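Please read these numbers as outputs of a predicted model, since none were measured by experiment.
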Amino acid sequence: MFDHLAKFRYRADIDGLRAIAVIGVVLFHAGLGVGGGFVGVDVFFVISGFLITSLILRDLDRGSFSIVDFWERRARRIFPALAVVVIVTLIAGWFLMLPFGFQVLGQSAVALTVFASNMQFWRTSGYFDPAAEENPLLHTWSLSVEEQFYLVVPLLLLLVFTLGRQKWVGILLSVGIVVSLVGAEMWLRRDPSGSFYLLPSRAWELGAGSLLALARPLVSSRWRSWLGWLGLALILFAFFAYDAKTAFPGMAAIPPVLGTVLLIWSGMSDDEDMTFGGAHRLLASKVLVAIGLLSYSFYLWHWPFFAFHRYLFSQAPAVPLAIGYISIALLLSALSLRYVEKPFRKGKLVTSRKHVFLFTGLVSALVLIVGLSMWRTRGVPSRMPTVVAEYDAVKGDEKFPKAPLAGYDENNFTHLGEQGKPCNVVLWGDSHAGVLKYIIDELCKQNHKSGIAAGRGGVAPVVEWSGYEPSSALHATNLAFNRSVMDYIRKGSESGELKHVILVFRWSYYIDTPQRKADEPLPVDGFPDALIKTIQTLEKLGVEVSVLLEVPIFEMHVPKAVALHYWRGWPLPHLSQQQHAERQQSYEPLIQRLREETPYVNIIDASPSLFSEKGEVEFLNEKGVLLYRDD
């Protein structure tokens, strides 16, 4: 059944395909015009599934397969270059990263040693965590997905062969592909981060390559040529048609996966002397093959440069610098291939299997211990002056004393002011509203009043929003929450106790503005209408409504920038009154609509309170306390 795998041989065009994949990924990370280059990882998944499953099936068919042999080959192939990159990255992090970022880097190192990087990035992708693009080990998530896949598939195939059910291989792989793909699409709507990072939604891509190992070569050279070009076109289509806003993986991953399958399949032949033609001749060119041979190390080395740059400067590198980083990464990749990967893979550095596993275990244990130390010591703040660590530790209002409201979601309804008195004011909004809990609580107590704060991070205070996809489970939950807030306000207004509702939110999070970064998701349509309708509903209830305009927004993480200034002399954050005014112009049409369609609303601009005499936004008060917790 698997006799065709007996002739399994090296194919230069697959190395060329690896080059296309890694070039796409690197150019995407560098911001050099390939918005969908991240699908290069999906191309890698298919290639890996095809090559490794082909070798496993060949050995199983011969009766020579061994799990121990398999993992020895994996260790020789994957571990050496990865270990060097991780160790160098940890050393660089010691000198470049503040405690919080260094602590997160330690968590990533720990997760990597147990093939769980993808799970760590999924679990820690929170609102106040450092941006994922600033983590130098972020790219290791894909390696964890692969290793998790290969913990299961070889054992499953071995079981099938042991039971003598070789015909089940194709059926099991096909069912797994369908289940994983459908699950990925459904998961994408509920938990985009989980769908992106975790194995269940990525397994079908590796599985597509595994299933391809069962395919027979095409007889027609014309069909091989056409399908080859079609496959390359599908991959390039995803490279240039997709961007960071594309809902991915799910069904959107089909074009690059299918394109990779077609390219590999159309390059198959029973003729050992077959010469490549069409797209395969292009892929087998010397330049692409050379890059393909470097692709693994290139993938490992390139990302830390971009991540450290973003961490230090809060922005992507300029084009010349990005090209410089790529060039250095290529040079390091060539050195890695020659002096690390090849010697280890061919047994020149570590000869016996016992020594391979011993070396791998010792280095992994070392990385694990160092990572745990970074984690448990909270990033080793003793590396720097106390004031630096204190600024870096600013996280905001998480320690606000919670006073849950009986009968409502205790995580999102908080009592303010004096207890036991009727509610006079409701503070409603996203995390920007959460910041004001302190001052509203204090004012209520000073005036013997009572109020509540109701809100969720990233959720605008509106009750109807037609722009959102109705089937989105997250939207349904947020909408239900906002309706419960409106019901509370309605009851308070009917009793005559509730007098005032304050709406606070980050305007630019829900409105498309010129300042929006390229990799930020665009807000859905309909927010202005939803806001006005919500305010009109509140006014009909007879309550006074105030809307706070957006506070001045910096283009960087302020606590981190201030800490880096006192540690490494980095420039302090800078935001002028003019820059803030220009940003506010983006919201002027909505502000004008509010004045015209909700004439009784009280529009509050708090930004003048933050301007210095020089027209600069103050981010420290007179006692040196930070007024900002992120940007």
Side-chain angles (χ1 to χ4, degrees), residues 1-21 24 39-40 42-62 153 157 160 166-178 180-181 203-239 251 253-286 288-289 292-293 295:
M1 181 177 180
F2 305 102
D3 56 304
H4 64 292
L5 295 175
K7 299 179 180 179
F8 192 73
R9 59 188 175 86
Y10 168 74
R11 284 176 49 183
D13 63 318
I14 291 183
D15 270 332
L17 185 55
R18 281 194 177 106
I20 296 294
V39 305
D42 307 81
V43 175
F44 278 128
F45 283 158
V46 179
I47 295 173
S48 176
F50 169 69
L51 294 177
I52 293 179
T53 305
S54 296
L55 295 173
I56 293 173
L57 290 175
R58 183 194 66 184
D59 291 346
L60 284 169
D61 197 45
R62 292 173 175 175
V153 170
L157 294 176
V160 169
Q166 286 85 334
K167 292 183 179 180
W168 288 5
V169 173
I171 297 172
L172 289 173
L173 288 173
S174 298
V175 171
I177 289 169
V178 173
S180 175
L181 175 57
W204 73 274
E205 301 176 17
L206 288 143
S210 298
L211 186 62
L212 185 60
L214 307 181
R216 301 284 178 165
L218 288 166
V219 175
S220 170
S221 60
R222 178 177 295 180
W223 272 104
R224 285 203 299 263
S225 178
W226 286 353
L227 291 179
W229 285 117
L230 175 60
L232 185 58
L234 286 171
I235 294 172
L236 294 178
F237 164 77
F239 276 9
M251 297 299 175
I254 290 179
V257 170
L258 178 60
T260 308
V261 167
L262 292 177
L263 268 171
I264 296 175
W265 183 34
S266 59
M268 292 180 182
S269 175
D270 288 327
D271 183 3
E272 294 185 7
D273 297 324
M274 184 194 80
T275 57
F276 290 118
H280 299 281
R281 178 180 297 172
L282 173 64
L283 293 176
S285 64
K286 290 183 178 180
L288 287 181
V289 169
L293 292 172
S295 60

For [X] against [Y], the heavy-atom pair lying closest together:
X: V261; Y: A208; answer: CG2-CB, 4.2 Å
X: E205; Y: D42; answer: OE1-OD2, 2.6 Å
X: P255; Y: F237; answer: CB-CD2, 4.4 Å
X: F239; Y: G40; answer: CE1-N, 4.0 Å
X: S225; Y: G278; answer: OG-CA, 4.5 Å
X: G170; Y: L214; answer: CA-CD1, 3.5 Å

Backbone N or O of [Y] within a donor-acceptor pair of the [X] side chain at under 3.5 Å?
X: S285; Y: L282; value: yes
X: T53; Y: G49; value: yes
X: R11; Y: I264; value: yes
X: S210; Y: L206; value: yes

Euclidean distance, [Y] [atom2] relative to [X] [atom1], rounded to 0.5 Å:
X: L236; Y: L232; atom1: CG; atom2: CG; result: 4.5 Å
X: L172; Y: I177; atom1: CG; atom2: CD1; result: 11.0 Å
X: T260; Y: W265; atom1: OG1; atom2: CH2; result: 15.0 Å
X: I20; Y: I235; atom1: CD1; atom2: CD1; result: 8.0 Å
X: H280; Y: L263; atom1: NE2; atom2: CG; result: 5.5 Å
X: L211; Y: S174; atom1: CG; atom2: OG; result: 4.5 Å

- Message: For a side chain to side chain contact (heavy atoms under 4.5 Å, CB included) check, start with the C-alpha distance between L173 and V169, then their side-chain angles and the critical distance, and finish with the verdict.
- Response: CA-CA 6 Å; L173 288 173; V169 173; 3.9 Å; yes

- Message: Regarding R18 and D15, does a basic nitrogen lie under 4.0 Å from an acidic carboxylate oxygen?
- Response: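 Between D15 and R18 there is a salt bridge, with a charged N closer than 4.0 Å to a carboxylate O.
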
- Query: So L262 and W226, side chain to side chain contact (heavy atoms under 4.5 Å, CB included) or not? Walk me through it.
  - Reply: CA-CA 10 Å; L262 292 177; W226 286 353; over 6 Å; no

- Candidate pair R58 and L55, rule side chain to side chain contact (heavy atoms under 4.5 Å, CB included), full reasoning: CA-CA 5 Å; R58 183 194 66 184; L55 295 173; 3.7 Å; yes

